[in-house]
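Reading through the structure tokens given below for one structure.
For this chain, numbers begin at 1 and follow the sequence in order.
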Amino acid sequence: MAFTTTDLAAIDAAIASGELSIRAADGRTVTYRSTDELIKARDVIKADLAAAAKPRPYPRHQLADFSD
């Protein structure tokens with residue numbers, strides 16, 4: 001699942017307010033069992049967003065060139 005910054009903001013707001021339910025960017029409502037579970041979800045979302053923002057390196061191989 002691709003997360004959005006809206007998902008991250010919802011998790012952060014829930015942690016700050018002590019709520020255990022959030023509404024995801026796609027409209028689903030998710031209820032977590034504890035604040036610890038919210039924090040773990042936040043860490044997963046942050047990692048996913050960071051990985052998506054990271055530029056992909058160029059391939060480390062080069063095709064042969066037979067031109068003169």
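Nearest heavy atom pair, residue Y32 against residue L38, reads CD1-CD2, 3.3 Å. Nearest heavy atom pair, residue L20 against residue T35, reads CD2-N, 3.8 Å. In terms of heavy atoms, S21 sits closest to T31 at OG-OG1, 2.8 Å.
The shortest side-chain heavy-atom distance between I22 and T29 does not fall under the 4.5 Å cut-off.
Between the OG1 atom in T6 and the CD1 atom in I11 there is a gap of 12.0 Å [rounded to 0.5 Å].
A distance-only check finds a donor-acceptor pair linking the side chain of D7 to the backbone of A25 [under 3.5 Å].
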